[in-house]
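Down below is the structure, laid out as structure tokens.
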Amino acid sequence: MSQTAQSQTVSDERVKEMSALRRALIRPELGGLVGIVAVFAFFLLFAFDSGMFGSQGVMNWSTVSAQFMIIAVGACLLMIAGEFDLSVGSMIGFSGMMIAILSVTLGWPVWLAIVVTFVLCIAIGALNGYIVIRTGLPSFIVTLAFLFILRGFTIYLPQTIERKTIISGVRDVAEGDWLASLFGGKILTGFFTWLGNAGLIETFERGTREGQPVVDGIPMLIVWAIALVVFGHILLTRTRFGNWIFASGGDAEAARNSGVPVSRVKILMFMFTAFCACVFATCQVMEFGSAGADRGLLKEFEAIIAVVIGGALLTGGYGSVIGAALGALIFGVVQQGLFFAGVESSLFRVFLGIILLFAVILNTYIRRLITGER
Amino acid sequence: MNTRTTHEPIIRMVNIEKHFGSVIALAGVSVDVYPGECHCLLGDNGAGKSTFIKTMSGVHKPTAGEILFDGKPMHFDDPRDAISAGIATVHQHLAMIPLMSVSRNFFMGNEPLKKIGPLKFFDHDLANQVTMEEMRKMGINLRGPDQAVGTLSGGERQTVAIARAVHFGAKVLILDEPTSALGVRQTANVLATIDKVRKQDVAVVFITHNVRHALAVGDRFTVLNRGQTLGTAQRGQITPEELQDMMAGGQELVALEESLGGTI
């Protein structure tokens, strides 16, 4: 059917044929893909012998990248819907602290603490969105306010209750909890033991864990990251709601005129971002066994940078979850890779600034290509 | 032309009033629109044209007055209600989203779904196929359904928007100054599209402040001035000069027109 439609179309002499390169250029993931190739090429050349590509090294940067991915998925969908959330970092600190206070200090079952924290944080996300929609203020300002409000509570609550800013002991109370294991556990442990026995991955050579693999499973953090990326990508590209996300960010007024419930879409995206921050925090609390008042600092910017490297436009309406995930991977690989390569870690920030600048310039250029602006 | 008035009007706006705080934007406007006619709504800036059609399309709720659609009173809570009733609006600048593909724009708010198990997904194949088909009917050659709307010209965008509205079964099509930003040839294309649409028995409400564009396709003309109607005229009962004077709401233009040689 589409074949016949194609052949019937009279070619217009004013529609220039698009080269394959140009076609590839307007895919939002392109920048991320090029970045991934460059970053891996660089570290394969300069840090190959450092253990970065051994099982432990791979697990190391995969875990860090997965952390970035979880918050990048939320930030990505929200940015495509045309809004920002600067309160992500504070939300991570706040939700981690809530879980610790509810479970350790108040002695609630861990699953209940997690559920209540999720509900509370998603409600705060909804409040963020509601204020942005009702006042028409830029989300930048509204969520900046919540950055301080939530961080303030995250320091105040443990100080008042426990006279300290770190609450530990979560691991003990979370032992055997069904919901906690969804965030702190590992999967495929049998498979990794088999890999270790088969000599395919490194095993401990001495000590109490002799013979066991150094990497004994895939942390749930990585499972969450992959699941969220897949969910976000399908939601954005393959569903009606995804079209509404693009439309809300591309031009809210036009979308509204076409019957897209823009306010609902945006508020739901704020809630989803809060959900992602909460997943991040829960995994972190379960991994560390404690919650600290300074957790999640600057994470909002790292999430936004990963999304921008992934090809999304700061102005909304355009972007890709896969791109954001690639951005997060670049982030994690470089941050940990510099450590493996023995480079001064403060240079990571220099790298970050430079790559951000390049990404934004590239994205602006690509936007002109798509819309035909000059 | 006159035989059309023997049908029932598809939409009747009766004594519509709309106040924004202390500002009275509409002070009792009544307009009937019949199927298959092109009803031109003329008026200068600030006459209340936009407020009026936004009331018709469910964006604003009237402060007073009644909307009868197909003879039944209607209360639209939001544009979605109006759209599902069959009232579609093509806005002046806000019709399309430049960054999105033609097919995503075409189906924005009306995405076709296909079920896979318990989940519903956007049916891209169907959307692409229908978009190419409809665009070809309107005489627009697309590079592909994934071409971004930003690469289309202004006239083509209006045509896409009109084709979209008609495809989704609009009974009343409201065009908010579709020709105001267009060149001569693009305007001609849009006017030709209006004519095609009217022949499919769709009621077209054409808002403009360009008398020549209105006279080119209009069957009836209603002039708004300062929130009130100055009456409705049939085609052939009114000259361009009379229309122009009514819109300007006074005689100042006559002197100006003489000095400019009648080119306004």
Side-chain angles (χ1 to χ4, degrees), chain A residues 1-6 8-18 22-23 26-28 80 82 234-264 312-313 315-319 366-373, chain B residues 54 57-59 78-84 88-91 93-101 103-105 107-114 116 119-125 127-129 132-133 135-136 139-153 161 164-165 168 176:
Chain A
M1 175 66 213
S2 66
Q3 201 60 44
T4 54
Q6 284 287 323
Q8 279 170 5
T9 312
V10 197
S11 74
D12 188 328
E13 77 284 359
R14 286 171 51 192
V15 178
K16 264 202 271 182
E17 274 306 308
M18 226 184 190
R22 230 173 130 88
R23 215 179 263 275
I26 63 170
R27 291 205 59 82
I80 295 173
I234 291 176
L235 180 75
L236 187 62
T237 59
R238 297 265 166 257
T239 69
R240 156 181 284 187
F241 194 82
N243 209 36
W244 291 355
I245 296 175
F246 278 122
S248 302
D251 188 334
E253 199 58 37
R256 227 172 244 131
N257 287 335
S258 304
V260 174
V262 174
S263 306
R264 197 170 85 205
L313 289 177
T315 41
Y318 186 74
I366 287 174
R367 178 206 177 98
R368 288 210 195 105
L369 277 188
I370 310 163
T371 59
E373 290 168 20
Chain B
K54 278 185 175 166
S57 62
V59 177
D78 59 49
R80 278 182 85 83
D81 286 356
I83 291 167
S84 53
T89 314
V90 174
H91 290 267
H93 304 295
L94 305 168
M96 298 269 130
I97 296 180
L99 281 166
M100 280 163 65
S101 71
S103 96
R104 275 183 179 273
N105 263 293
F107 286 93
M108 180 167 63
N110 286 298
E111 293 81 359
L113 297 175
K114 71 176 166 209
I116 299 178
L119 303 170
K120 286 182 190 157
F121 293 97
F122 189 148
D123 191 345
H124 282 290
D125 294 337
N128 290 344
Q129 192 188 315
M132 289 306 275
E133 181 86 19
M135 289 302 100
R136 209 171 21 121
I140 295 182
N141 296 315
L142 291 178
R143 199 182 289 128
D146 55 349
Q147 185 180 350
V149 160
T151 56
L152 300 179
S153 72
R164 171 174 72 181
F168 288 108
D176 186 2

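The model shown is predicted, which means the values in this text are computed figures rather than measured ones. We name chains A, B, ... by the order of the sequence lines, and we start the count at 1 in each one.
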Answer with side chain, backbone, both or neither: which region of A/L313 has an atom nearer than 4.5 Å to a non-hydrogen atom of chain B?
-> side chain
Kindly give the heavy-atom pair with the smallest separation between B/I97 and A/A254, and that separation in Å.
->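 In this case the closest contact between B/I97 and A/A254 is CG1-CB, 4.1 Å.
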Output the distance between atom [atom1] ([X]) and atom [atom2] ([Y]), rounded to the nearest 0.5 Å.
X: B/M96; Y: A/D251; atom1: CE; atom2: CG; value: 11.0 Å
X: B/N110; Y: A/R240; atom1: CG; atom2: CZ; value: 7.5 Å
X: B/L119; Y: A/I234; atom1: CG; atom2: CD1; value: 9.0 Å

Sub-4.5 Å side-chain heavy-atom contact between A/F246 and B/M108 | no
Measure from the side-chain N and O atoms of A/N243 to the backbone N and O of B/R104, and report whether any donor-acceptor pair falls under 3.5 Å.
-> yes
Polar side-chain atom of A/R238 near backbone of B/F121 as donor-acceptor pair, under 3.5 Å =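 Not a single qualifying donor-acceptor pair exists.
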